[in-house]
Amino acid sequence: MAKVVVLGAGISGHTAVMVLRKKLGKKHEVIMVSPNSNYQWIPSNIWVGIGQMKPKQVIFPLAPVYKRKGVNFKQAIAKTIFPEGDTAITNPFVEIEYVEEGKKGQKEKVEYDYLINATGPKLNFAATEGLGPDGHTVSVCTYGHAAHAWEKLQESLDKMAKGDKQRFVIGTGHPMATCQGAAFEYALNVAFEINKRKLMHLAEITWITNEYELGDFGMGGAFIKKGGYVTSTKIFTESIMAEYGIKWIKRAGVKKVEEGVIHYETLDGEESTIEFDFSMLIPGFAGVGINAKNKNGDDISAELFAPNGFLKVDADYTPKDFDNWSIKDWPSTYQSPKYENIFACGIAFAPPHSISKPFKSKKGTPIFPTPPRTGMPSGVMGKVVALNVAESVKSGKTSVKHKASMGKMGAACIVSSGYGLRDGMAATMTVYPVVPDFEKYPEWGRDLGYTVGEPGLAGHWMKLFMHYMFIYKAKALPGWSLIPE
Amino acid sequence: MIRKPIAKGYKDEDYPPIPTRTNRFMRKFWPYQIIRFFVLNLKIMRIIVGGHS
């Protein structure tokens, strides 16, 4: 009997565990280790953050699903990986610490034959002084944060209803933050809600971003066919911002947040501030802080993980100039080069470099987005890793014939505002591939037939449709495996 | 659709293209959007199928 352990029940980890359970017979054990008792469909947190959905609409308890499917669920935090075992246990294992009521604080050594690290990121609010729900800004990164954001937003809306002016600042809260798409979507939704209440004359909405140009989204921007031209997503994004009455500050790295004031540095080295009444800023991401030790108990974290805490996989991590980057640098199997039975998928894998061109300010501060690897790519990675592990378990020999490189994988990002079949509007963006391939597509880096930017109700319907479809799939209800990632 | 009057100053937000009334109508015109719904879904399905082996 083989034991496969998956760390993290987000989009990537949950996909992996469900595919493993489907592919492996009951004689093999599939274990999920996650500190969260609920699955959350993160893209819909935006609707929670504007009060159009309740948190319970974007989550469901994991334990009943895993019980029904025969997955051994341990509500715990993974602390240390022992890939070689230790002096007492010869098999590899992960040391975990339970967080569930009744077992809180208890530790356990969970042995494995294969380990999939899909922990997602640590939301690194601490990297920016004063950032986050414990500081002076709100977040939509979790359903709890989004519910808190809605409470704060309501306070501003109430003040505007009484005739007070309010300043809204939305964007990235760290010089190297990613997930611009989520922040962009939230900015549009806030503008939509204010406009719906006919209070736009009392609002000043500002988008603050570490992107070199708007529409970069951490993937170096994209080119799309529009109105007889090939045009940049910079134009597409700026057009939507202007239409919604949102001003912007670009090339800005937020350094500190105080009550009502954001301090930021721009690429030209200028230190500035902007005042706010309501602010939602996305934090920087880091690895969740799992350690690794060898058989003798020596710390080997630096061998397994990159300095940012994400797990090193089959990527080319050789430092190179921007002009020498290639899609071949990007991983395709997500297998650790050090231990062939360890994999990492979703945000947990260490990217070889950013996709956007890296810039430093005149003072030496790096200000550029790190690569996005959420949503659709996360699910695809989880599936591919699970297929390889399942086949390895069945054959008794590690094989990695299934591949999914972000240089050959597309992604869809639907930035939707409003809610309902008639009232919404979405900017639908698809890119293929996520990492531009200038060898295959020398002119634009991507296939223009599948790289799209289109505003309209259709995208909004897709967003609604995806909410219900992917929650159905995640619940592993009949036919779930027919729904693609 | 949100449409804020644009003051013609020399600010970043004064320069991007702003959709015309026809454009905004088409974005909400159900028959056209139903077609776009299927076209976009097909493109995304193609991306998914081509994304991994």
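All chains are named by letter (A, B, ...) in the order of the sequence lines, taking the proteins before the strands, and each is independently numbered beginning at 1.
- The heavy-atom pair separating A:Gly424 from B:Lys28 by the smallest distance is O-CE, 4.1 Å.
- B:Leu40 and A:Ala458 get closest at one heavy-atom pair: CD1-CB, 4.3 Å.
- Considering CZ of B:Arg27 and CD of A:Glu454, their distance stands at 10.0 Å, rounded to 0.5 Å.
- When heavy atoms are compared at a cutoff of 4.5 Å, B:Ile35 does not approach chain A at all.
- Residues B:Met45 and A:Pro484 meet the side-chain proximity criterion, which asks for heavy atoms closer than 4.5 Å.
- No more than 12 heavy atoms of other residues, nucleotides or ligands lie within 6.0 Å of NZ in A:Lys247, so this atom counts as exposed by the packing criterion.
- Side-chain contact between A:Met462 and B:Asn41: present, with at least one pair of heavy atoms (C-beta onward) separated by less than 4.5 Å.
- For NZ of A:Lys196, the number of neighbouring non-hydrogen atoms (other residues, nucleotides, ligands) closer than 6.0 Å is greater than 12.
- Taking 4.5 Å as the limit, every side-chain heavy atom of A:Glu238 sits out of range of all side-chain heavy atoms of B:Tyr15.
- For the atom pair OG1 of A:Thr428 and CD1 of B:Ile44, the computed distance is 7.0 Å after rounding to the nearest 0.5 Å.
- Residue A:Asp447 holds its CG atom at 7.0 Å from CZ of B:Arg46, rounded to the nearest 0.5 Å.
- In this structure, A:Ser239 and B:Ile18 approach most closely via the heavy-atom pair O-CD1, 4.3 Å.
- Looking at A:Val434, there are no atoms closer than 4.5 Å to chain B (heavy atoms on both sides), in backbone or side chain.
- Residue B:Asn23: no heavy atom, backbone or side chain, is found under 4.5 Å from chain A.
- Using a 4.5 Å heavy-atom cutoff, the side chains of A:Arg422 and B:Trp30 are in contact.
- The CH2 atom of A:Trp248 sits 5.5 Å away from the CD atom of B:Glu13 when rounded to the nearest 0.5 Å.
- Smallest separation of non-hydrogen atoms from B:Ile47 and A:Met376: CG2-SD, 4.4 Å.
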Show your reasoning for whether side chain to side chain contact (heavy atoms under 4.5 Å, CB included) applies to A:His460 and B:Gln33. CA-CA 10 Å; A:His460 182 68; B:Gln33 289 301 319; over 6 Å; no
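- Counting heavy atoms from C-beta outward, B:Pro17 and A:Ile235 have side chains that approach closer than 4.5 Å.
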